[in-house]
Protein chains: 2
Amino acid sequence: MALGSQEKILEAAHSLFEEKGFSGVTMREISDKSGMNKGLLHYYFKSKQAIFLGVFKSVIRIMFVNISGILERTDIDFDTKIELMIDAYYSMLTKHPKLPLFVLSELSKIKEFTSNTEIPNTLKDASKLIEENLGKYKKVNEGDGFHFLINLISLCVFPFIAQPMLQVVKPNKEESYSDFLASRKSHIKNILIHAYK
Amino acid sequence: MALGSQEKILEAAHSLFEEKGFSGVTMREISDKSGMNKGLLHYYFKSKQAIFLGVFKSVIRIMFVNISGILERTDIDFDTKIELMIDAYYSMLTKHPKLPLFVLSELSKIKEFTSNTEIPNTLKDASKLIEENLGKYKKVNEGDGFHFLINLISLCVFPFIAQPMLQVVKPNKEESYSDFLASRKSHIKNILIHAYK
DNA sequence: GTCTATATCATGATAGAC
DNA sequence: GTCTATCATGATATAGAC
């Protein structure tokens with residue numbers, strides 16, 4: 001798959017921004033990593049912020065695309081839905097372990113140009129699905145649908161974003177941190193299913 | 001409490017770094033916010049990194065000081081320990097909601113000068129306490145002590161650091177996000193106590 | 001200890017040749 | 001579309017007067 005110049009720029013920018021954040025990356029670095037001339041960056045994008053926005057929008061989609069699909073399904077029971085959502089998060093996190101920390105970190109810094117972006121709209125779509133799909137399961141108490149979702153996401157995502165800190169604290173050094181993360185998958189399923197039974 | 005020049009610099013730097021990250025802050029900003037002359041910054045600290053390191057060390061201490069104390073206690077039972085630890089995290093997070101995201105984000109970027117810092121040592125201290133104190137409770141399965149600790153931290157901390165994203169997704173708009181966070185406190189206690197019973 | 005002045009370099013962005 | 005050259009600015013850091 002031969003990438004066009006614009007794609008090359010976005011791809012290089014993606015990996016750089018994800019690693020160092022918006023203000024930690026220079027146009028020169030994006031130019032070097034993508035192999036594209038510095039002038040070209042400004043031919044395709046009017047500014048550094050514009051490149052960042054392009055990256056950020058695609059990254060948000062990666063974060064939510066699998067999960068939305070599962071939330072929408074009505075042909076499976078509660079326990080299966082839990083399993084599939086955890087699988088979906090793990091699939092995303094295994095492919096893109098640094099992605100959630102990047103998104104959350106940048107989102108907390110962006111104040112000025114939040115309104116310029118379509119980010120909130122992309123997110124808001126998930127909001128209805130939560131209420132509609134989780135609310136009707138008897139095992140979830142009235143109004144606890146959102147708690148449930150947050151619990152699931154917290155238990156899956158946090159150990160990934162806190163890896164740099166937790167792998168230092170981890171007691172059993174014979175087991176690698178990625179093995180530990182993998183072992184958590186069934187652990188999380190058990191906890192959630194028991195907690196809501 | 002009159003602050004010395006060095007403290008003024010660190011205090012201003014703390015709030016700026018926490019908000020915008022290492023590379024998002026300039027020496028000029030620290031100078032302006034602290035009211036200290038730009039030249040003075042270099043009189044007290046040899047570089048921007050040195051200021052950052054001073055801030056980072058104090059911030060790590062804030063994150064762990066309360067929790068370590070509770071882990072060390074042997075005069076209380078399992079359920080009480082859960083409650084106190086959640087209270088300790090909530091106390092810390094309410095005072096410093098942006099602190100964990102800042103620490104984790106910077107920690108994931110720091111590669112080069114990790115070894116120069118004492119950060120890992122500060123963290124490693126918590127490691128022993130986990131095994132020694134949680135391992136002897138019968139309710140925790142063999143080897144699940146670390147899982148338990150990660151669950152507790154994930155459920156407490158993640159909703160704070162993901163606030164910019166989750167408050168957009170949140171379905172019940174009548175309830176504020178901080179009210180939701182507060183209501184989670186008892187929710188988390190219930191889940192953890194039930195899950196390990 | 002505090003300040004001004006300045007050195008040195010890197011930054012994002014533009015203009016214009018090809 | 002692609003490239004070079006350059007601008008204007010802002011960055012960290014230093015030297016030295018007071």
Side-chain angles (χ1 to χ4, degrees), chain A residues 1-59 102 105-106 109-117, chain B residues 1-57 59 102 105-106 109-114 116-117:
Chain A
M1 53 162 187
L3 294 180
S5 301
Q6 201 168 352
E7 280 85 10
K8 281 189 199 164
I9 294 167
L10 282 173
E11 197 186 61
H14 181 152
S15 90
L16 286 167
F17 281 136
E18 197 167 306
E19 195 184 349
K20 311 206 249 179
F22 176 77
S23 53
V25 175
T26 69
M27 295 294 267
R28 204 187 100 84
E29 285 177 291
I30 300 174
S31 166
D32 288 350
K33 180 138 198 167
S34 64
M36 295 288 110
N37 187 278
K38 265 204 302 177
L40 265 192
L41 303 189
H42 287 94
Y43 174 78
Y44 285 109
F45 302 91
K46 78 172 198 297
S47 68
K48 184 185 168 187
Q49 277 203 8
I51 300 181
F52 181 80
L53 213 64
V55 167
F56 206 70
K57 278 160 68 173
S58 90
V59 150
F102 165 63
S105 175
E106 296 300 322
K109 287 166 194 163
I110 295 171
K111 296 234 176 60
E112 331 78 49
F113 63 115
T114 294
S115 44
N116 304 8
T117 75
Chain B
M1 51 162 186
L3 295 180
S5 300
Q6 201 167 355
E7 280 84 11
K8 281 190 199 163
I9 293 167
L10 282 173
E11 196 185 62
H14 181 152
S15 89
L16 286 167
F17 281 136
E18 197 168 305
E19 194 184 349
K20 310 206 250 182
F22 175 77
S23 54
V25 175
T26 69
M27 294 295 267
R28 205 187 98 84
E29 286 177 290
I30 299 174
S31 164
D32 288 351
K33 180 140 198 166
S34 64
M36 295 289 112
N37 187 276
K38 265 204 299 178
L40 265 192
L41 303 189
H42 287 95
Y43 175 78
Y44 285 107
F45 301 92
K46 78 173 200 295
S47 67
K48 183 185 166 186
Q49 277 202 9
I51 300 181
F52 180 81
L53 213 64
V55 168
F56 207 71
K57 278 160 67 175
V59 150
F102 165 64
S105 176
E106 295 300 322
K109 286 165 193 164
I110 295 169
K111 297 235 175 61
E112 329 78 49
F113 64 114
T114 294
N116 304 11
T117 74

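Residue numbers begin at 1 in each chain, while the letters A, B, ... track the order of the sequences.
Contacts between residues 40-48 of chain A and DNA chain D, counted as heavy-atom distances below 4.0 Å, involve A:Leu40, A:Tyr43, A:Tyr44.
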For residues 34-41 of chain A, which side-chain donor-acceptor pairs fall under 3.5 Å, sequence neighbours excluded?
| from | atom 1 | to | atom 2 | distance (Å) |
| --- | --- | --- | --- | --- |
| A:Ser34 | OG | A:Ile30 | O | 2.7 |
| A:Ser34 | OG | A:Ser31 | O | 3.3 |
| A:Ser34 | OG | A:Met36 | N | 3.2 |
| A:Asn37 | OD1 | A:Gly39 | N | 2.7 |

Let me have the donor-acceptor pairs involving side chains of residues 2-9 of chain B, under 3.5 Å, with sequence neighbours excluded, atom names and distances please.
| from | atom 1 | to | atom 2 | distance (Å) |
| --- | --- | --- | --- | --- |
| B:Glu7 | OE1 | B:Gly4 | N | 3.2 |

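Where DNA chain C meets chain B (any atom under 4.0 Å from a heavy atom), the bounding nucleotides read 5' to 3' are C:dG1 to C:dT4.
Across the protein-nucleic acid pair, B:Glu29 atom CD and D:dA11 atom P stand 7 Å apart, rounded to whole Å.
A cation-pi arrangement is not found for A:Lys109 relative to A:Phe22, the charged atom failing to lie both closer than 6.0 Å to the ring centre and inside a 45° cone about the ring normal.
A:Lys46 meets the side-chain contact (heavy atoms from CB on, under 4.5 Å) test with A:Ala50; sequence neighbours excluded.
For residues 18-29 of chain A, the pairs satisfying salt bridge (charged side-chain N to carboxylate O under 4.0 Å, His left out) are A:Glu19-B:Lys111, A:Lys20-A:Glu29, A:Arg28-A:Asp32, with sequence neighbours left out.
Taking the six-membered ring where the residue is Trp, the centroids of B:Phe102 and B:Phe17 are separated by 6.0 Å or more.
Checked by atom type and distance alone, the side chain of A:Lys48 pairs as donor or acceptor with a backbone atom of A:Val25 at under 3.5 Å.
Both A:Asn37 and B:Thr26 lie near DNA chain D, and the one whose nearest nucleotide falls closer to the 5' end is A:Asn37.
A:Met27 and A:Ser47 make their closest contact through CE-C, 4.5 Å (heavy atoms, listed as atom of the first residue, atom of the second, distance).
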